[in-house]
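Reviewing the structure listed below.
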2 protein chains.
Amino acid sequence: MVERAGPATSEDLSKMMATNPVVIRRIMAGLRRQGYVRSEKGHGGGWTLACDLSKVTLRDIYTALGSPSLLAIGNRTEAPGCLVEQAVNAALQQAFHDAEERLLARLGEVTLSILSADVHSRLVVRGRSEAMEDDVHVT
Amino acid sequence: MVERAGPATSEDLSKMMATNPVVIRRIMAGLRRQGYVRSEKGHGGGWTLACDLSKVTLRDIYTALGSPSLLAIGNRTEAPGCLVEQAVNAALQQAFHDAEERLLARLGEVTLSILSADVHSRLVVRGRSEAMEDDVHVT
DNA sequence: TTTCATGTAACCTATGATGTTACATGTTTG
DNA sequence: CAAACATGTAACATCATAGGTTACATGAAA
């Protein structure tokens, strides 16, 4: 979206990400609630950025999207009756917490502007390698 | 299983864990391959421990069970074409690795004997609180 | 007033984890 | 040896959930 002059429709975005417009709207709804994007209806409408990319981190987005669990395993039951389960939970609770913290901390370090810059540099690289392929074809 | 004198059948274990005997066998198969348990067929058969509980850690079990992913998120595609995906992966790769390492390290610290001891102490606590409840009922 | 776009509920579908059935293999007991 | 038991495993069924789809209401621009 950074690259675009005007608003991007859910239709456009869904094509880019090989998914469905409604899925895009569902996801963007969370970002809109936090004010990271704006949406306009009608002709020429669509989604536009509404935040300072250097101020918004992946963690903000993670939060806006409902903070789903980062770990594949973890304490399943809130207050398990099974003593073995209790023992395992007690033994690993701290580690789960630490691992999650580590991930969240990193998410908080990565701003959208950093990502944008990285995407740009990757674009350049891709451009160069495509040019090289052309050379090969020509030569 | 530590508590039992003889072998425990998949039937017994499945009842304890509120699941199905076949599910138990599926899981135990992994542990048997690593030599942590033994299985005997026929009358009086079932599962018995075959390892030193102080030598086997949760990490060993995790490995025996096929090292499933510990993180709920992560690099989905091996070599994504999408530049944004590449950029995000690059930014988070280290953090994913660190978080996973932290979990694995902790799993490696927790031996089955530690868990067993903890379960025992919880048994005592539960016993006491039940005794107290009895008192209440009596008084 | 028509066209376009979001907003959202309701439903459909694909996937993976778990549960179940069925049957083969081997072991003990009478 | 035959009957009862228990594992080993394949094949199938069920359930939960993430994602996809349809349908329609709301609102804005041409």
Side-chain angles (χ1 to χ4, degrees), chain A residues 1 4-51 61-62 64-78 80 82 84-85, chain B residues 1 4-51 61-62 64-78 80 82 84-85:
Chain A
M1 287 169 64
R4 299 180 65 107
T9 67
S10 304
E11 183 84 31
D12 297 339
L13 295 172
S14 72
K15 273 174 188 156
M16 291 180 203
M17 312 191 140
T19 179
N20 191 286
V22 178
V23 175
I24 296 290
R25 290 189 197 117
R26 278 211 280 251
I27 295 172
M28 298 297 265
L31 302 182
R32 183 168 43 75
R33 265 191 295 277
Q34 297 301 316
Y36 301 145
V37 297
R38 246 193 309 272
S39 62
E40 305 275 356
K41 292 181 175 179
H43 263 284
W47 301 92
T48 46
L49 288 172
C51 62
I61 292 182
Y62 164 75
L65 264 38
S67 311
S69 174
L70 293 173
L71 304 179
I73 61 176
N75 303 4
R76 298 200 165 183
T77 332
E78 205 52 52
C82 172
V84 175
E85 191 175 349
Chain B
M1 287 169 65
R4 300 180 65 108
T9 67
S10 304
E11 183 84 30
D12 298 339
L13 295 173
S14 72
K15 275 174 187 157
M16 291 181 204
M17 311 191 138
T19 179
N20 191 286
V22 178
V23 175
I24 296 291
R25 291 190 195 115
R26 277 210 283 251
I27 294 171
M28 298 298 264
L31 302 181
R32 182 168 44 75
R33 265 192 295 276
Q34 297 302 314
Y36 301 147
V37 297
R38 246 193 308 271
S39 62
E40 304 277 356
K41 292 181 176 180
H43 263 286
W47 299 93
T48 46
L49 288 173
C51 63
I61 293 182
Y62 164 76
L65 265 38
S67 310
S69 174
L70 294 173
L71 303 180
I73 60 176
N75 302 2
R76 299 202 163 180
T77 332
E78 205 53 48
C82 171
V84 175
E85 191 175 349

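Just so we're on the same page: letters track the sequence lines, and every chain starts at 1. Heavy-atom basis, side chains included; hydrogens, waters and symmetry copies ignored.
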- Query: Roughly, in whole Å, what's the span from CG in B:Leu65 to C1' in C:dA17?
  - Reply: 14 Å
- Task: Please report, rounded to the nearest Å, how far the P atom of D:dT7 is from the CG atom of B:Leu31.
- Result: 14 Å
- Query: Within the pair A:Ser10 and C:dA5, is there a side-chain N or O less than 4.0 Å away from OP1 or OP2?
  - Reply: no
- For residues A:Pro7 and A:Gly44, report the shortest heavy-atom separation together with the two atoms involved. CG-O, 3.4 Å
- Query: Whole-Å distance between C:dT8 P and A:Ile24 CD1?
  - Reply: 16 Å
Report, one line per pair, each donor and acceptor closer than 3.5 Å where one atom sits in a side chain of residues 20-29 of chain A; sequence neighbours left out.
from, atom 1, to, atom 2, distance (Å)
A:Asn20, OD1, A:Val22, N, 2.9
A:Arg25, NE, A:Ser10, OG, 3.4

- Output the single nucleotide from C:dT21, D:dT21, C:dT6 whose closest atom is nearest the side chain of B:Val22. C:dT21
- Query: Around atom CE of A:Met17, are there more than 12 heavy atoms of other residues, nucleotides or ligands at under 6.0 Å?
  - Reply: no
- Between C1' of C:dT3 and CD of A:Glu11, the distance in whole Å: 14 Å
- Query: When you check the phosphate oxygens OP1 and OP2 of C:dC4, does a side-chain N or O of A:Thr9 lie under 4.0 Å from one of them?
  - Reply: no
- Item | Listed nucleotide nearest any side-chain atom of A:Val23, set D:dG20, C:dT20, C:dT8 | D:dG20
- Note on the structure: Taken to the nearest 0.5 Å, the spacing of A:Thr9 OG1 from A:Arg4 CZ works out to 7.0 Å
- Give, for atom CG of B:Leu65 and atom CG of B:Leu31, the distance between the pair rounded to the nearest 0.5 Å. 5.5 Å
- Query: So does A:Arg25 get a side-chain nitrogen or oxygen closer than 4.0 Å to the phosphate oxygens (OP1/OP2) of C:dT6?
  - Reply: yes
- Message: Is there a side-chain contact between B:Ser39 and the phosphate of D:dG8, meaning an N or O under 4.0 Å from OP1 or OP2?
- Response: yes
- Query: Tell me: CG of B:Leu13 to C1' of D:dA6, nearest whole Å?
  - Reply: 12 Å
- Message: Can you work out whether A:Asn20 or B:Ala29 has the more 5'-proximal nearest nucleotide on DNA chain D?
- Response: B:Ala29
- Going by number, which of residues 40-49 of chain A have a non-hydrogen atom under 4.0 Å from DNA chain D? A:Lys41, A:Gly42, A:His43
- Task: Kindly indicate whether the side chain of B:Trp47, heavy atoms from C-beta on, has any atom under 4.5 Å from the side chain of B:Ser39.
- Result: yes
- Message: Nearest whole Å is fine: how far is D:dA28 C1' from A:Arg38 CZ?
- Response: 16 Å
- Rounded to whole Å, CE of B:Met17 lies from C1' of C:dT18 at a distance of 14 Å
- Message: I'd like to know whether B:Leu71 forms a side chain to side chain contact (heavy atoms under 4.5 Å, CB included) with A:Leu71, so could you lay out the CA-CA distance, the side-chain angles of the two residues, the decisive distance to 0.1 Å, and finally the verdict.
- Response: CA-CA 4 Å; B:Leu71 303 180; A:Leu71 304 179; 3.7 Å; yes
- Item | Nearest-neighbour nucleotide for the A:Arg32 side chain, C:dT8, D:dT7, C:dG19 considered | C:dT8
- Task: Rounded off to whole Å, could you give me the CZ-to-P distance for the A:Arg26 and D:dG20 pair?
- Result: 9 Å
